[in-house]
Amino acid sequence: METSQPTKVTVQAVIQAPVEKVWRYWTEPDHITNWNQASEEWHAPRAENDLRVGGKFLTRMEAKDGSMGFDFGGVYDVVNRHEAIGYTMEDGRRVDIAFVDQGDETKVIETFDAESSNPVEFQQAGWQAIMENFKVYTEQN
């Protein structure tokens, strides 16, 4: 039986903030709930984060009109402060995030295994939209 490797998708942004702030805003639940949505119609009312290898995270994502929602979660495999985070989602897909310190700015590069239910372009657009929300929130706060 042959198994195919998942398609890897990458999104990225350069945040006009030092890596310490970017890391904090990416990992602290009080900040996660302010940026982790792909569009204005959605929000993240709750986030939990046990940021350590073997630790779990969960973000509740819901449509603001209450029509639908889901929990997004996983387990951390890699936590290198101010440098990298890796985790496995509940469905077994991998995500790797690099934080590249560039002085007064930080490049965030996120690579994830695409799922098979939706077109790759759709997934990339959604994850990039979340990345852009993170960028705007971090730079404005």
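From D50, atom CG reaches atom OG1 of T27 across 11.5 Å, with rounding to the nearest 0.5 Å. From N133, atom CG reaches atom CD of Q37 across 5.0 Å, with rounding to the nearest 0.5 Å. The distance from atom CD of E90 to atom CG of D71, rounded to the nearest 0.5 Å, is 7.5 Å. How far NE2 of H31 is from CG of N36: 13.5 Å, rounded to the nearest 0.5 Å. One finds the OG1 atom of T111 at 10.5 Å from the CZ atom of R94 (value rounded to the nearest 0.5 Å).
In plain terms, the two heavy atoms of A17 and V22 that are nearest each other are O-CG2, 3.8 Å. Shortest non-hydrogen contact noted between A47 and P29 is O-CB, 3.3 Å. In terms of heavy atoms, I130 sits closest to M61 at CD1-CE, 4.3 Å. Heavy atoms only, all atoms of each residue included: W26 and V108 are closest at CZ3-CG1, 4.1 Å. The two atoms that bring P6 and A114 nearest to each other are CB-O, 4.4 Å, heavy atoms only. In terms of heavy-atom proximity, N49 sits nearest to I32 at ND2-CD1, 4.3 Å.
The number of heavy atoms from other shown groups lying within 6.0 Å of CG (D91) is above 12. Atom CG of D104 is surrounded by 12 or fewer heavy atoms from other residues, nucleotides or ligands within 6.0 Å. Within a 6.0 Å sphere centred on NZ of K56, other residues, nucleotides and ligands contribute 12 heavy atoms or fewer.
Residues I15 and Y137 share a hydrophobic cluster, clusters being chains of Ile/Leu/Val/Met/Phe/Trp/Tyr side chains in contact below 4.5 Å. Hydrophobic clustering (side-chain heavy atoms under 4.5 Å, transitive across Ile, Leu, Val, Met, Phe, Trp, Tyr) keeps I97 apart from V75. Note on F70 and V95: same hydrophobic cluster, where clusters join Ile, Leu, Val, Met, Phe, Trp and Tyr whose side-chain heavy atoms are under 4.5 Å apart, directly or indirectly. A chain of hydrophobic side-chain contacts below 4.5 Å, direct or via other Ile, Leu, Val, Met, Phe, Trp or Tyr residues, connects F72 to V11. Linking Ile, Leu, Val, Met, Phe, Trp and Tyr whenever their side-chain heavy atoms come within less than 4.5 Å puts V120 and M89 in one cluster.
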Worksheet item: Yes or no on side-chain contact (heavy atoms from CB on, under 4.5 Å) for E62 and M68, after CA distance, side-chain angles and deciding distance?
Response: CA-CA 6 Å; E62 295 180 353; M68 65 186 315; over 6 Å; no
Practice prompt. Could you walk me through whether K64 and E41 pass the side-chain contact (heavy atoms from CB on, under 4.5 Å) test, one step at a time?
Written response: CA-CA 6 Å; K64 288 181 179 175; E41 293 79 33; 5.8 Å; no
Discussion item. For a salt bridge (charged side-chain N to carboxylate O under 4.0 Å, His left out) check, start with the C-alpha distance between K135 and E139, then their side-chain angles and the critical distance, and finish with the verdict.
Written reply: CA-CA 6 Å; K135 174 181 171 63; E139 290 178 354; 2.8 Å; yes
Worksheet item: Between E48 and R46, does a salt bridge (charged side-chain N to carboxylate O under 4.0 Å, His left out) hold up when you go through it step by step?
Response: CA-CA 7 Å; E48 302 167 14; R46 187 177 82 251; 3.6 Å; yes
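For W35 and Y25, the distance between ring centers is not under 6.0 angstrom.
Side-chain contact check for Q12 versus E110: every heavy-atom pair is 4.5 Å or farther apart. When side chains are defined from C-beta on, H82 counts as touching W23, because their heavy atoms get closer than 4.5 Å.
In this structure, a donor-acceptor pair under 3.5 Å is present between the side chains of E105 and Q16. For the residue pair T88/D77, the side-chain donor-acceptor check at 3.5 Å is satisfied.
Ring geometry for F57 versus Y76: interplanar angle of 30 to 60°, hence tilted.
Within the structure, the side-chain hydrogen bond (donor to acceptor under 3.5 Å, both in side chains) test picks out the following pairs touching residues 121-131 (sequence neighbours left out): Q128-E132.
Side-chain N or O atoms of R93 include one that pairs as donor or acceptor with a backbone N or O of D113 at under 3.5 Å. Side chain of E115 to main chain of S117: a donor-acceptor pair is present (N/O by atom type, distance under 3.5 Å, no hydrogens or angles).
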